[in-house]
Participant: 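Once you've had a glance at the structure underneath, I'll fire off some questions.
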Amino acid sequence: MEAIKRKKIKEKIIENFFLICAFVAVVSVLAITFFVFYNGLKPFVSNSYPFWNFISGVEWRPGSNMYGIFYMIVGSIFGTLGAILLGVPIAILTAVYIAEMADSRIGKIIRFAVELLAGIPSVLYGVFGLGIIVPYVLKISPMAQGESLLATILVLAIMILPTVVSISETSISAVPKEYREGSYALGASKIQTIFKVVLPAARSGVMTGVILGIGRAIGETMAVMLVCGNPIAGIPTSLFDQIRPLTTNIALEMGYASGVHQELLYSTGVVLFVFIMIINLAVNKLVKTKVGS
Amino acid sequence: MDNKVKFNTKNLDLFYGDFQALKSINMEICENEVTAFIGPSGCGKSTFLRCLNRMNDLIDCVDIKGEIIFDGKDINGDIDVINLRTRVGMVFQKPNPFPMSIYDNIAYGPKCQGLKDKAKLDTIVKDSLERAALWDEVKDRLNKSALGLSGGQQQRLCIARTIAMNPEVILMDEPTSALDPIATLKIEDLMQSLKKLYTIIIVTHSMQQAGRISDKTAFFLMGEVIEFNETPKIFTNPDDKRTEDYITGRFG
C-alpha cells in the first residue's frame, strides 16, 4: 500500500511540474501585455501628454516635448505593405516552382537555400541592406541618402520569403493529387491547373503564410533600423523618403529615455501591439469568409 | 455490331521501372459501346485505361512501348496531349470535384480552352448537368460549393464536367466503388443513356456491374488480356479456364 501511495504522489508531482512549464508561456504573454499597456497608457491617464497629439503628430522631438507618431504609423504600414506586395508574389511563385515544377534535385537546392535564409540573424540582413541595397538605392535616388522606404521594403521583402515560401509550399504539396488529375483529364495545361485549381485549393495555407509574413515585416526592428533612416519628422511621400517605423523608434531611444519620454515609447509599443492584433484578426476573418463561400 | 473502331492497341507494353505492368496488349475498342475491364487488383486494367488519355504521363519512370491508335493516329507519338484529353475524358474512382462552385466545376474545362462567352457557358453547364441527370437536383444551387453535394451527386457532377468538354470517349476508373447501391444504380442508368453519344470504357471490380452495363468485356490478369469478347459470351461461356474461374469466384 505504501508503495502505491508513493507512486501516486510522484505522479502528481510530475504532472504539476508539467503544468508549471505550460504556465510559463501563459504568464509571459500576460506579463508582457500588462507591462506594456500599464506603462504605455500612463501618460494619457495621468494627462501628462495628450493622446490625440501623440497619435496624430508628425514630429518626434523629445527635446522640445513633441511626441507625434502618426508619421511612424504611416511608415510602418507603407514598409509592410510594400514588402508584402513585392515579397508575397515572389514567395508564392517560388513555392509553386518547388512543389510543382522543379525536379527533385533542384527543388532540394532551392528549399535548402530558403531554409538557410530563415536562419540568418536579422542584424545581418540589416548589414547587407546597409552595405549593398542602400548604396544602390542612393544611385537612383533624388535624395542625399540611400536609407529610405524603398531600402526598407527590399530588405523586408527578402526577410519574409522563407516564412511565406515554406508554409505555401507545404500547403501546395498537401493539395490532393485527385484535383490535379481531374484538371489534367479535362484538358487543362499545367499552368492552368496550378493557378485555377491547386493554388485556390491551397489558399488558406498560403494566407497563413502571408499573415505570418506581415507579422514578421511589421515587427522587424534590427534590420529595418539600419536601412530606414529614422527621421525625426515627416510623413513619407515617396519611395526615397526616409521612414521611422514604430519598432525602431522604441529600440533607438529606450536605452536612455526617462519620464514621459520613456512612457511614450511604451505607448508606441501599445500602438504596435494593437496594430498586429487588428491585422491578424482582419486577415483571419478575410480568409474564413473566402473559404466559406 | 459493326461499330467503328475507336481505339486500337498494338503490342502495348508498359513498365513501371523494372516492373512490367502491361504485356503485349492488343485490343480493338469500338465506338458507341460500353467496354468493361475486369480482373483482380493489380492486374493492369486501370493502368491500361490511363494509357488511353495519357494520364500515365503524370507518373515518373513509366515506359510505354507499342502503339495506341486513336482515330488513325498513335497517341504515344508526337500529338497534342491537351487536345487528346479534351476528346478522351476521364472519371475517377473517388469523386474529385474541385473546391469551387457547381457551376465553376462544369465551366472549368471549356474555360481552360478559352471559352469566355457567359451565355455559351450557361448553356454548356445546363446541358451537361441535364445529360448527367443532375440538373433537377442542383439547379437552385449552382453557385454553392460542389463539396456540399453527396458522394453520388459529386460523381455525377464529375461525369457532367467531363461531358461539358463534349468528348468522344469517356474513361471511367471504378466510378461507383466509393458509392452506395442507389447512387451506383443511378450512375449505371446514366451510362446506358450516355453510350448513344459517347464511347465508354469502364474499369470495374464488380462482375455484376460489368454484366449489367457493358457490351464487351476484357478480362485482365497479371498485365495480360486473357479474354476479350462480347459480354454475354464472357459471362456464360468463356473460352479460357482462368476467365471462368475468376467469374465464378474461384479466385480474385
Side-chain angles (χ1 to χ4, degrees), chain A residues 92 95-109 111 167-210 285-293, chain B residues 49-50 52-60 80-101 104-115 128 143-148 154-155 157-158 160-167 169-173 178:
Chain A
I92 292 178
V96 165
Y97 183 74
I98 300 175
E100 299 284 312
M101 295 174 171
D103 69 52
S104 65
R105 207 168 48 91
I106 294 174
K108 255 184 209 154
I109 293 171
R111 200 178 291 122
I167 294 179
S168 302
E169 193 223 324
T170 309
S171 57
I172 289 170
S173 301
V175 171
K177 78 171 197 310
E178 285 82 8
Y179 288 166
R180 295 183 183 84
E181 288 189 332
S183 174
Y184 287 128
L186 288 167
S189 69
K190 186 160 195 164
I191 299 294
Q192 285 170 332
T193 302
I194 288 170
F195 283 98
K196 293 185 173 185
V197 173
V198 176
L199 273 181
R203 185 172 52 206
S204 69
V206 172
M207 285 309 285
T208 307
V210 174
K285 190 148 178 123
L286 200 79
V287 173
K288 282 211 179 105
T289 47
K290 268 203 157 174
V291 171
S293 65
Chain B
L49 190 77
R50 293 168 66 96
L52 301 178
N53 67 344
R54 295 266 302 260
M55 285 305 275
N56 287 323
D57 287 13
L58 305 181
I59 302 167
D60 292 335
D80 179 0
V81 179
I82 286 177
N83 178 266
L84 172 71
R85 290 185 187 143
T86 61
R87 294 170 66 194
V88 183
M90 187 165 204
V91 176
F92 297 85
Q93 182 173 1
K94 214 174 113 203
N96 61 346
F98 303 130
M100 47 177 93
S101 74
D104 288 340
N105 261 282
I106 311 283
Y108 179 82
K111 273 186 184 166
C112 280
Q113 297 307 311
L115 183 63
S128 310
N143 291 315
K144 295 265 164 61
S145 169
L147 302 183
Q154 288 189 5
Q155 194 63 303
L157 180 72
C158 292
R161 190 170 75 179
T162 306
I163 293 172
M165 299 305 294
N166 200 19
V169 182
I170 301 176
L171 309 176
M172 298 187 170
D173 191 358

Participant: Where on B/Pro97 is there a heavy atom nearer than 4.5 Å to chain A: the side chain, the backbone, both, or neither?
Facilitator: backbone
Participant: B/Ala178: which residues meet the side-chain contact (heavy atoms from CB on, under 4.5 Å) condition with it, sequence neighbours left out?
Facilitator: B/Pro95
Participant: Return the set of residues passing side-chain contact (heavy atoms from CB on, under 4.5 Å) with A/Phe195 (not counting sequence neighbours), or none when no residue passes.
Facilitator: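 Partners of A/Phe195 by the side-chain contact (heavy atoms from CB on, under 4.5 Å) criterion, ordered by chain and then number, come out as A/Leu93, A/Ile191, A/Leu199.
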Participant: Do you know which of B/Met165, B/Met90, B/Met55, B/Met100 has the most heavy-atom pairs under 4.5 Å to chain A?
Facilitator: B/Met55
Participant: Locate the shortest heavy-atom distance separating B/Phe98 from A/Gly182; write the atom from each residue and the value.
Facilitator: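 Closest pair (atom of B/Phe98, atom of A/Gly182, distance): CZ-C, 3.7 Å.
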Participant: Check every N and O of chain A against chain B and note each donor-acceptor pair under 3.5 Å, with its distance.
Facilitator:
residue, atom, partner, partner atom, Å
A/Glu178, O, B/Asn96, ND2, 2.8
A/Glu181, OE2, B/Arg50, NH1, 3.2
A/Glu181, OE2, B/Arg50, NH2, 2.9
A/Ser183, OG, B/Tyr108, OH, 2.6
A/Gly187, O, B/Gln113, NE2, 3.0
A/Gln192, NE2, B/Cys112, O, 2.7

Participant: Please identify, among A/Pro200, A/Ala185, A/Ala188, A/Ala201, the residue contributing the most non-hydrogen atom pairs under 4.5 Å to chain B.
Facilitator: A/Ala185
Participant: Looking at B/Pro99, B/Cys158, B/Gly109, B/Gly89, which one has more heavy-atom pairs under 4.5 Å with chain A than the rest?
Facilitator: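 Most pairs with chain A among the choices: B/Pro99.
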